[in-house]
Amino acid sequence: MKPFTYQRATSPADAARAAAATPGAKFIAGGTNLLDLMKLEIEAPAHLIDVNDLKLDTIDETDDGGLRIGALVRNTELAADKRVRRDYGVLTRAIVAGASGQLRNKATTGGNLLQRTRCPYFYDTNMACNKRKPGSGCAAIAGYSRQLAAIGGSQACIATYPGDMAVAMRVLDASVETVDPEGATRAIPIADFHRLPGDTPQIETVLRPGELITAVTLPRPIGGTHFYHKVRDRASYAFALVSVAAIVRDDGSGRVAFGGVAPKPWRVEAAEADMARGAKAVTARAFADARPTADNRFKLPLAERTLDAVLAQARA
Amino acid sequence: MHKSEIFDVSRRGILAGGAATAAVTSLPRMAAARPAEAARPETAKVSLTVNGERHDLDLDTRTTLLDALREHLHLTGTKKGCDHGQCGACTVIVDGRRINSCLSLAVMHEGDRITTIEGLGTPDKLHPMQAAFVKHDGYQCGYCTPGQICSAVATLGEIADDVPSHVTADLTAKARFSTDEVRERMSGNICRCGAYSNIVEAISEVAGEKA
């Protein structure tokens with residue numbers, strides 16, 4: 001690990017200011033992803049700003065009947081919240097499908113959104129990777145790409161967004177609240193929060209330098225039956241090959257987002273018009289622009305079958 | 001406690017001796033490569049409360065909680081396996097919740113209450129979970145065992161606190177113990193010897209249930 005200086009921030013605006021003012025600074029909350037990458041020197045911040053004292057760890061009801069989840073609410077506490085379990089079951093299901101008990105006790109709501117890819121070529125510092133070292137190329141495209149993106153990738157990068165929580169946030173139309181170094185706040189729809197790689201795969205979100213996530217807001221509950229089905233190589237503690245976050249109403253209409261298939265949680269709202277017609281119709285539209293590799297072509301029928309299993313369960 | 005200390009010291013002495021021999025042969029290269037980094041270690045002060053005892057430390061900021069426990073406080077019960085949060089050997093309990101101590105910086109634990117395997121029980125007065133692991137043979141080589149036991153104790157706490165899991169059927173009902181729940185919730189602790197079935201039996205006994 002490279003040496004770094006360390007400070008504890010005392011307010012969100014203070015943290016954002018310090019991040020903008022200090023070259024090579026990064027925020028640290030749970031640290032479960034950042035420290036892993038720092039040990040491999042894939043991340044090498046010169047300065048860490050510990051945001052754990054910022055008191056952003058409560059879940060509060062909003063005026064319009066939704067929930068405002070502080071950025072520092074741990075995955076465990078968010079998944080266990082009674083209101084979330086009752087009204088936003090897809091979110092609890094997604095969180096408990098990810099990582100291990102130990103990691104969920106540390107991982108935060110804000111940090112989880114910023115989780116970096118598990119592409120093996122990103123992790124192997126001997127390999128070309130445009131995300132880790134811009135301009136060095138992508139060893140994954142002609143390499144072992146079984147776990148990587150089947151849609152949304154580019155000539156520069158086919159890494160997947162690895163998380164589960166954000167896939168549920170996407171189907172719930174969450175919005176990400178931030179504060180910037182000037183103290184200005186904004187709300188970013190989750191649909192716009194993660195970027196597709198294009199020719200700058202190193203830029204993964206629309207956050208600006210120094211901008212800090214302070215909360216994630218969920219709109220009022222939309223009812224329906226909530227599902228998160230995750231298909232993976234092990235029964236527990238593994239990243240998704242394909243996951244399906246879905247909310248299905250009694251009349252068969254609903255919403256669906258896919259994880260493990262793209263550089264961001266993958267949701268095509270237009271495809272949801274076909275929910276009542278079945279999984280094949282939905283996935284045909286949602287994956288119309290798919291460009292799978294020979295290794296990960298299987299994800300397309302797998303996504304259809306996983307959604308089919310969800311819809312069958314919803315009918316039962 | 002005495003017996004295990006004597007055993008530990010002699011075994012560790014041998015290991016340390018081996019490492020020192022290796023270090024001497026590679027010293028010139030190490031010395032040439034290190035000075036720039038060694039010249040300016042960034043340090044910070046932190047107070048850790050470990051097993052009820054407060055320790056004031058001045059640490060390189062890079063020191064993980066795991067390395068602080070093992071290398072600075074000489075609490076070597078907590079084990080380093082993968083050092084990347086994948087195996088669970090380093091599991092300790094911080095403010096009532098289990099975490100991977102390898103993926104946490106010591107300086108981030110100011111004022112936290114940390115419990116390691118040494119704080120759960122002693123050879124003379126085992127924690128019920130330690131006694132159950134012994135009774136049910138919940139290990140072979142024993143390397144993952146301190147992490148398994150800390151994780152198991154906290155797992156029962158999480159069920160009692162109504163934290164749901166991936167195998168919880170009804171999210172609106174209170175979380176309940178079952179062996180399926182244990183298998184899912186303990187998936188962050190790997191046992192390379194494969195003592196899993198006995199581990200589940202040990203945890204079930206402490207929970208007062210039949211495996």
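FYI, side chains are in, hydrogens and waters are out, and symmetry mates aren't considered; it's all heavy atoms of this structure. In the text below, chain A, chain B and the rest are named by the order of the sequence lines, each starting its count at 1.
A pairwise comparison of heavy atoms in Pro164(B) and Ala79(A) identifies CG-O, 3.5 Å as the closest pair. Of all non-hydrogen atoms in Ala235(A) and Glu184(B), the two that sit nearest each other are O-OE1, 4.4 Å. Listed here is the closest heavy atom pair of Arg85(A) and Ala175(B): NH2-N, 4.4 Å. Of all non-hydrogen atoms in Tyr6(A) and Val107(B), the two that sit nearest each other are OH-O, 3.3 Å.
With respect to chain B, the highest number of heavy-atom pairs below 4.5 Å among Leu48(A), Asp50(A), Asn33(A), Val84(A) belongs to Asp50(A). When the candidates Ser151(B), Gly88(B), Ser187(B), Cys102(B) are compared by the number of heavy-atom contacts under 4.5 Å with chain A, Ser187(B) comes out ahead. Counting heavy-atom pairs closer than 4.5 Å to chain B, the top residue among Lys82(A), Arg8(A), Arg86(A) is Arg8(A). Ranked by non-hydrogen atom pairs under 4.5 Å with chain A, the options Thr64(B), Thr172(B), Thr43(B), Thr91(B) are led by Thr91(B). Among the candidates Ala154(B), Ala44(B), Ser165(B), the residue making the largest number of heavy-atom pairs closer than 4.5 Å to chain A is Ser165(B).
The environment of NZ in Lys174(B) is crowded: more than 12 heavy-atom neighbours from other residues, nucleotides or ligands sit within 6.0 Å. Within a 6.0 Å radius of CZ in Arg305(A), no more than 12 heavy atoms belonging to other residues, nucleotides or ligands are found. The neighbour count for Asp53(A) CG, taken as heavy atoms of other residues, nucleotides or ligands under 6.0 Å away, is above 12. Atom CZ of Arg83(A) sits in a crowded spot, with more than 12 heavy atoms from other residues, nucleotides or ligands closer than 6.0 Å.
A donor-acceptor distance shorter than 3.5 angstrom exists from the side chain of Asn105(A) to the backbone of Arg98(B), with no hydrogens or angles considered. Proximity of a side-chain donor or acceptor of Lys39(A) to a complementary backbone N or O of Asp83(B) within less than 3.5 Å is detected. Under a 3.5 Å cut-off, the side chain of Arg62(B) and the backbone N or O of Met1(A) do form a donor-acceptor pair.
Salt bridge present: Glu77(A) and Arg97(B) bring a charged side-chain N and a carboxylate O closer than 4.0 Å.
The shortest distance between side-chain heavy atoms of Leu40(A) and His84(B) falls below 4.5 Å. Within the 4.5 Å cutoff, side-chain heavy atoms of Asp36(A) are placed close to those of Leu103(B).
Using a 4.5 Å cut-off between heavy atoms, Ala29(A) touches chain B through its backbone atoms (N, CA, C, O) alone. Of the two parts of Glu158(B), only the side chain, counted from C-beta on, holds a non-hydrogen atom closer than 4.5 Å to a non-hydrogen atom of chain A.
The distance from atom CG of Leu103(A) to atom CG of Asn100(B), rounded to the nearest 0.5 Å, is 5.0 Å. The structure places CG of Leu35(A) at 4.5 Å from CG of Leu105(B), a figure rounded to the nearest 0.5 Å. Atom CE of Met186(B) is separated from atom OG of Ser100(A) by 10.5 Å, given to the nearest 0.5 angstrom. Here the CZ-CZ distance, from Arg185(B) to Arg104(A), works out to 8.0 Å after rounding to the nearest 0.5 Å. Going from atom NE2 of His166(B) over to atom OH of Tyr237(A) covers 15.0 Å, rounded to the nearest 0.5 Å.
Looking only at atom types and distance, the side chain of Gln102(A) has a donor-acceptor partner in the side chain of Asn189(B) under 3.5 Å away.
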**OP:** Evaluate side chain to side chain contact (heavy atoms under 4.5 Å, CB included) for Leu171(B) paired with Arg93(A), printing each intermediate quantity in order.
**Re:** CA-CA 9 Å; Leu171(B) 292 184; Arg93(A) 289 278 179 220; 3.6 Å; yes
